[in-house]
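Right, one structure below, let's go through it.
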Amino acid sequence: MNDKKKTGGLAGISAGETALCTVGKEGAGLTYRGYDIYDLAEKGSFEEVAYLLLRGKLPNKKELDSYIEHLKVLRDLPEQLKSVLEMTPKDSHPMDVLRTGVSFLGNIEPEAKEFSDQELVADRLLACLPSMLLYWHRYHQDGKKINVVTDDDSISGHFLHMLHDSPPSELHRKTLDTTLILYAEHEFNASTFTGRVITATLSDMHSAVTGAIGALRGALHGGANEAAMALIEQYNNADEAVEGVLSLLKHKQKIMGFGHRVYTTSDPRNSVNKKMSKILSEETGDKTLYDVSEAIESVMWNEKKLFANADFFAASVYHFMGIPTYLFTPIFVCSRITGWAAHIMEQRANNKLIRPAAEYTGPNLQEWKAINNRL
Ligand code: COA
């Protein structure tokens, strides 16, 4: 492999330091501030993980209780932002809605000078992103101006309550909560790195998060969960899926929800999502999507040695909970805001402008000719 191929897309290049997360480190897998993702997903709550990322340590009971109350108070939306959401077209992609919403919030609730309120800005975004998303969704889908202040303690409960107009079952709440934990942080992925690049210029948190949302939107990054859903729902059974995917591979098509830049043999988040997808498929009595997903997973491994990443089974998990496909990637935003904000604060704590060099491939120095003498 030549050097160019090796460094394409900065693969394998260390672009800075972080104390937040390890991805694919031998013997460690995925960890947030030294805690194994499996422990966090099984035993923790998303609010605990948010506190861990944003405050630097796991909260004790008292700290967690007061953090939950603090986030609940920050859920409401300013009237001006509600008007913007009402004006944002019905057929917009909700990722664009969030991008606009965060950007607008930066105008009406700008970060303080010297970023002295950065923790509060991070908490505010964490608390109100689901409100923004569901306010827009329900307004345009059902013509309802919903109340975005519910009594639910958890962000997952709040999200599903606003979506379905009633508090969720504990199984659904816990399942969404677990996916939020799994999506919360992932080292120098494209959107986080975008946020750090913007932050490094001494820009504000709303700008960094707006840019990060733009990066997450693409199908090679967060958009993969929606693309995975579009793939699996095409097939009526496992045999059809196998045949269809083999044909896509023959035509050199990428199968969304598979492969990873850093992991080489598996994505640790996948086994958790897969287990939840199976449980929900049994609950709904609809085995087709799960069987189709499992069949695609086998073909991809047998044919290409490619494994399902976090996005693949997340698709059916969300679908089984009655979440419309176009809200899948925005859910990723509602979770990853924790990782983004933690990286923004970490970048600020030890800042250096991020400005890499480029390998020039253009022409040598050329002679300037007046316009009438040009060919
Ligand atoms: N389906 C089919 N082939 C894939 C593939 C996929 N999902 N992911 C990688 N490959 C193949 C590529 O076609 C390429 O084959 P080639 O060498 O014959 O051209 C090879 O594997 C390397 O892929 P490449 O895209 O160059 O690797 P990368 O490290 O740049 O890409 C991803 C990482 C995640 C962008 C890539 O695996 C991908 O596009 N996956 C689908 C999107 C997705 O699920 N994104 C979410 C990531 S969490």
Side-chain angles (χ1 to χ4, degrees), residues 1-15 21-24 29-30 32 37 41 95 179-195 212-235 241-274 277 292-319 325 328-333 335-336 339-340:
M1 202 189 274
N2 64 29
D3 280 352
K4 234 189 232 167
K5 178 112 184 172
K6 255 196 285 182
T7 58
L10 300 180
I13 305 286
S14 170
C21 179
T22 65
V23 173
L30 176 57
Y32 300 167
I37 189 66
M95 286 297 278
T179 70
L180 296 178
I181 294 172
L182 298 177
Y183 268 146
E185 163 54 8
H186 220 221
E187 200 219 41
F188 277 22
N189 57 87
S191 57
T192 300
F193 193 60
T194 302
I213 292 173
L216 188 71
R217 187 189 194 289
L220 295 188
H221 193 7
N225 54 16
E226 292 179 27
M229 188 67 219
L231 176 80
I232 58 179
E233 67 186 352
Q234 284 175 46
Y235 305 116
V242 170
E243 202 182 313
V245 169
L246 284 173
S247 162
L248 290 170
L249 290 177
K250 204 168 132 204
H251 291 95
K252 301 261 173 238
Q253 296 285 309
K254 270 198 168 172
I255 309 300
M256 296 306 168
F258 285 86
H260 200 270
R261 174 58 70 75
V262 183
Y263 299 123
T264 51
T265 51
S266 69
D267 180 332
R269 301 165 296 182
N270 179 50
S271 60
V272 184
N273 280 338
K274 186 174 175 182
S277 173
V292 161
S293 305
E294 215 177 23
I296 295 175
E297 193 185 25
S298 300
V299 184
M300 289 301 286
W301 185 253
N302 295 338
E303 294 295 313
K304 303 275 291 181
K305 290 289 166 281
L306 283 170
F307 51 87
N309 57 46
D311 293 314
F312 189 64
F313 278 96
S316 48
V317 165
Y318 291 150
H319 180 84
T325 305
F328 292 3
T329 314
I331 292 178
F332 198 154
V333 174
S335 160
R336 186 58 62 85
W340 289 335

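Note that ligands are numbered from 1 as they come in the structure, with each ligand's atoms numbered from 1 the same way.
The shortest N/O to N/O separation between I255 and ligand 1 falls below 3.5 Å. At least one N or O atom of R261, backbone or side chain, sits closer than 3.5 Å to an N or O atom of ligand 1. At under 3.5 Å, not a single nitrogen or oxygen of D311, backbone or side chain, sits near a nitrogen or oxygen of ligand 1. In terms of polar-atom proximity, defined here as any N/O pair under 3.5 Å, K254 does make such a contact with ligand 1. Between M256 and ligand 1, no N or O atom pair is found at a separation short of 3.5 Å.
The closest side-chain heavy-atom distance from L30 to C21 is below 4.5 Å. A heavy-atom distance below 4.5 Å is not found between the side chains of F328 and V317.
Note on ligand 1: A219 sits in its first shell, one or more heavy atoms being nearer than 4.0 Å. The shortest separation from a heavy atom of M300 to ligand 1 is under 4.0 Å, placing the residue in contact. Remark: distances from the non-hydrogen atoms of G9 to ligand 1 are all 4.0 Å or more.
One side chain, D311 or Y183, offers a donor N or O that lies under 3.5 Å from an acceptor on the other.
Shortest non-hydrogen contact noted between L249 and Q253 is CD2-O, 4.1 Å. Shortest non-hydrogen contact noted between E294 and F313 is N-CZ, 4.1 Å. The two atoms that bring G257 and F312 nearest to each other are O-CB, 3.4 Å, heavy atoms only.
Within ligand 1, counting atoms from 1 as listed, the ones closer than 4.0 Å to a heavy atom of H221 are 46 (C). Near A224, meaning under 4.0 Å from one of its heavy atoms, ligand 1 places the atoms 43 (C), 44 (O), 45 (N), 46 (C). Short contacts between ligand 1 and G259, defined as distances under 4.0 Å to a heavy atom of the residue, involve ligand atoms 34 (C), 37 (O). Close approach of ligand 1 to G257 is summarised as follows: ligand atoms under 4.0 Å from at least one heavy atom of the residue are 43 (C), 44 (O).
Contacts of L306 with ligand 1, taken as heavy-atom pairs under 4.0 Å, involve the side chain alone. Contact annotation for L220 and ligand 1: heavy atoms of both the backbone and the side chain come within less than 4.0 Å of the ligand.
A centroid separation of less than 6.0 Å is found between the aromatic rings of Y263 and H186.
In this structure, W301 and F307 have tilted ring planes: the angle between them lies in the 30° to 60° band.
Atoms NE2 and CZ, on H221 and F332 in that order, are 5.5 Å from each other to the nearest 0.5 Å.
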